[in-house]
Amino acid sequence: MKLCITSTGTSLDSNVDQRFGRCPYFIMYDSDSDTFESIENASREAMGGAGIQAGQLIASKNAGAVITGNFGPNAFRVLQAAKIKMYSGVSGTVREAIEKYKNGQLTETSAPDVGSHYGMGRSS
Amino acid sequence: MIISVASGKGGTGKTTVAVCLALAAEYCQFIDYDVEAPNADIFLKPEIKNIKKVTIKQPYFLTGTGMDFSKCAQFCHYNALAVIGSEVIFYPELCHGCGGCILVGPEGAVREKDVDVGEVAKGFTGPGIDFLKGNLTPGSMRTTTVQGELEKMLNKKELVIIDSPPGNSCSMVMSVKNSDYCILVTEPTPYGFNDLVISMEVLDGLKIDYGVIINRDGIGDSSVEDYCRDKNIKLLIKIPNSIEIAKCYSKGGTLVDYDMSYKVKFQNILKEIENLVF
Amino acid sequence: MKQITIISGKGGTGKTTIASSFIKMAHDHMAVDADVDAANLHILLNPLVEKKEDFIGGAVAVVNEDCINCGKCEELCRFDAISNSTMDIKIDSLKCEGCGVCEYICPVSAIELKKDKQGEFYTSNTDFCKLIHARLNPGAENSGLLVTRVRNTAEDIAYAQNKKLIIIDGAPGIGCPVIASLNGVDYALIVTEPTLSGISDFKKIYDVAKFFNIKTFVCINKYDINLNNTAEIERFCTLKNIEVIGKVSYDENVPKYLAQKKFIIDNLDSPAAGDIKKLWEKFEETLYS
């Protein structure tokens, strides 16, 4: 299963970045092979829609779940549509986050964490 | 002749000056290009004759057809689209209305509709001021689209006075670019000075001649005045700092309401500018 | 970590006066100057630049000599950026919005979207906190993009260094740079003034803050120059359930102190100084509640 964690850096010792759309990197961890790769978040500097693009990127990588600090409403909507499980409120290192996930210590997020966001509420 | 009134720093007195110029000229076209926060109508009090909506075309997607819209999402440079399977999530605030998704998307399955981004209003203030203003819908980013509509209505045959928004980037450039002369309004402080120098760089780049008006003279020092003298930049007038002017302004009063002699002072400025331009 | 953006709609109401005072009084914080084309905070805060980075702006279309003048690009450009008047395709970089339609449609691939350096941004230290600020090239576009860069930079540092608060000094108006400075923040403080212009613009900027669902506070600056208008602002706020967390007196010392690059809150005799301190205390209450 592919697990995506928002990260401040490119290694497992990097910290979990607290932002889904604006994090500098995504760590894609493959739990089956116990390997990982880091992906640069090319959309982080976009004026708007960073969460939307990040959501699409993760969906295209066939991630089964995403771990971060906070999901904005745009990202939440996209990930929900893609049926990707979301876990927020996670801090510490990426490695620690993966362990917590494996040990079933994380609770799924049922709603966006951040209220105010560009682009929200007007989708059609 | 087209005269624009601009300022890098906000709140220096652009509208105060532009309005006074129009009242001095008596016969002109006045265009409030500050479509995000238009204020000139508060002072000129025009009778509005006509309001026209400004729209852009935005897409909607016929998702029931089972077509694949992923090319549209890939194409969009503004991140306005997410395509997850057969679901299309569209974010109107991010859409610029470029029509790209219609070109790259499945034929006939991406349609367009008009969406309001603002309006332009036409009016009249006696004795002969043709008044135009633009108004951007809060939440929209289409400032230059609304300004573009004003540009189409600019009447080169008249004397045109343009009230620009603050700043030194695209919305200011849109306002000043057609002018023969630009009046830069500043305050005699390091902040006014800092932003004035940047505005001058913009105008130098556009090859537009300019002069300076110092407003709220007395709150700072003589750095701006000294700079203008050293660089041979025309200082058109200094308006003093005065709580009485501020109070008059707060009620929608103009410089002429505060002191009638400003009408003649600004008529002289108009003559001076005319001589410089022609 | 919380973020507050100080905005006004109308320019000159006192955003920088309030923002700089907050910056002096806060703890465990960072500052962002989001008024990128007319930045002022650095004048008062005297920053020492630690890091300077180039700002590469949004793309614009550029046409090369492979162009066969078919005019398809001009036909499709929605922004009036392409003209064919002199038998030569010309693209106006000011009007070009980098949408990519002309690049896509060109049958001979003569058009390319290109990005250019349009400014710089800086990570700096001041006596009170780190300041992230920028300089947009005169006349350049994409101020919203530069604001986003500056904010991302600040957030990266704030999270890494466990800062409690980012204070963002916003631009006037309600357009892209303002929207970019409001995206995802926790609080907006609208600094308004009791003038008819101020009230008109206050209502517009309030609509923007509401549109993005941001918890909004109001401060009425120079409130005593027109008590009737101040009362009108207060009535509007009551009606819309917006909290007015401060009223600052008109004080001739304020612009004079600022002009001398001094902080008004250091002037113990100034009534405005006392009002601004009370305003900060009120905001701090909310922050830590």
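Worth knowing before you read on, the calculation uses all heavy atoms, side chains too, and leaves out hydrogens, waters and symmetry mates. Within every chain, numbering begins at 1; the chains are lettered A, B, ... in the order of the sequence lines, protein sequences first and strands thereafter.
- Applying the salt bridge (charged side-chain N to carboxylate O under 4.0 Å, His left out) rule to pairs touching residues 133-150 of chain C yields A:Glu45-C:Arg149, B:Glu201-C:Arg135, sequence neighbours excluded.
- Note that the CG atom of C:Asp35 and the OH atom of B:Tyr191 stand 13.5 Å from one another [nearest 0.5 Å].
- The salt bridge (Lys or Arg N to Asp or Glu O under 4.0 Å) test applied to B:Asp116 returns B:Lys53, not counting sequence neighbours.
- Between C:Glu97 and B:Thr144 there is a side-chain heavy-atom pair separated by less than 4.5 Å.
- Residue C:Pro255 touches chain B through both its backbone and its side chain, counting heavy-atom pairs closer than 4.5 Å.
- Side chains of B:Asn168 and C:Leu136 form no contact here, defined as non-hydrogen atoms less than 4.5 Å apart.
- Contact of the C:Thr195 side chain with the B:Lys251 side chain is not registered, since no non-hydrogen atoms from C-beta on lie closer than 4.5 Å.
- More than 12 heavy atoms of other residues, nucleotides or ligands lie within 6.0 Å of NZ in C:Lys117, so this atom counts as buried by the packing criterion.
- Using a 4.5 Å heavy-atom threshold, the side chains of C:Cys176 and B:Thr143 count as separate.
- For B:Asn135 and C:Lys204, the side-chain atoms include at least one donor-acceptor pair closer than 3.5 Å.
- Chain B forms the most heavy-atom pairs under 4.5 Å with one residue out of C:Ile225, C:Val208, C:Asn228, and that residue is C:Ile225.
- At a 4.5 Å heavy-atom cutoff, the contact between C:Ser197 and chain B is made by backbone and side-chain atoms alike.
- Contacts of C:Asn229 with chain B are made by side-chain atoms alone, with heavy-atom separations under 4.5 Å and no backbone atom involved.
- In this structure, the side chain of B:Tyr249 does not engage the main chain of C:Leu196 through any donor-acceptor pair within 3.5 Å.
- With a 4.5 angstrom heavy-atom cutoff, C:Leu258 touches chain B via backbone and side-chain atoms both.
- Contacts of B:Pro165 with chain C are absent, with no heavy-atom separation under 4.5 Å from either backbone or side chain.
- Looking at B:Val104, both its backbone and its side chain come within 4.5 Å of chain C, counting heavy atoms on both sides.
- Residue B:Ser171 does not touch chain C at all, counting heavy-atom pairs closer than 4.5 Å.
- Atom OG1 of B:Thr137 is separated from atom CG of C:Asp207 by 10.0 Å, given to the nearest 0.5 angstrom.
- Side chain to side chain, B:Asp221 and C:Gln260 fail the donor-acceptor criterion of an N or O pair below 3.5 Å.
- Residues B:Met141 and C:Ile179 form a side-chain contact, since some pair of their non-hydrogen atoms from C-beta on lies under 4.5 Å apart.
- Residue contact with chain B, scored on non-hydrogen atoms closer than 4.5 Å, involves the side chain of C:Phe79 exclusively.
- Ion pairing between a basic and an acidic side chain is recognised when a charged N comes within 4.0 Å of a carboxylate O; B:Glu112 and C:Arg78 show such pairing.
- Using a 4.5 Å heavy-atom threshold, the side chains of B:Val173 and C:Leu94 count as touching.
- Heavy atoms of B:Ile42 lying under 4.5 Å from chain C belong exclusively to its side chain.
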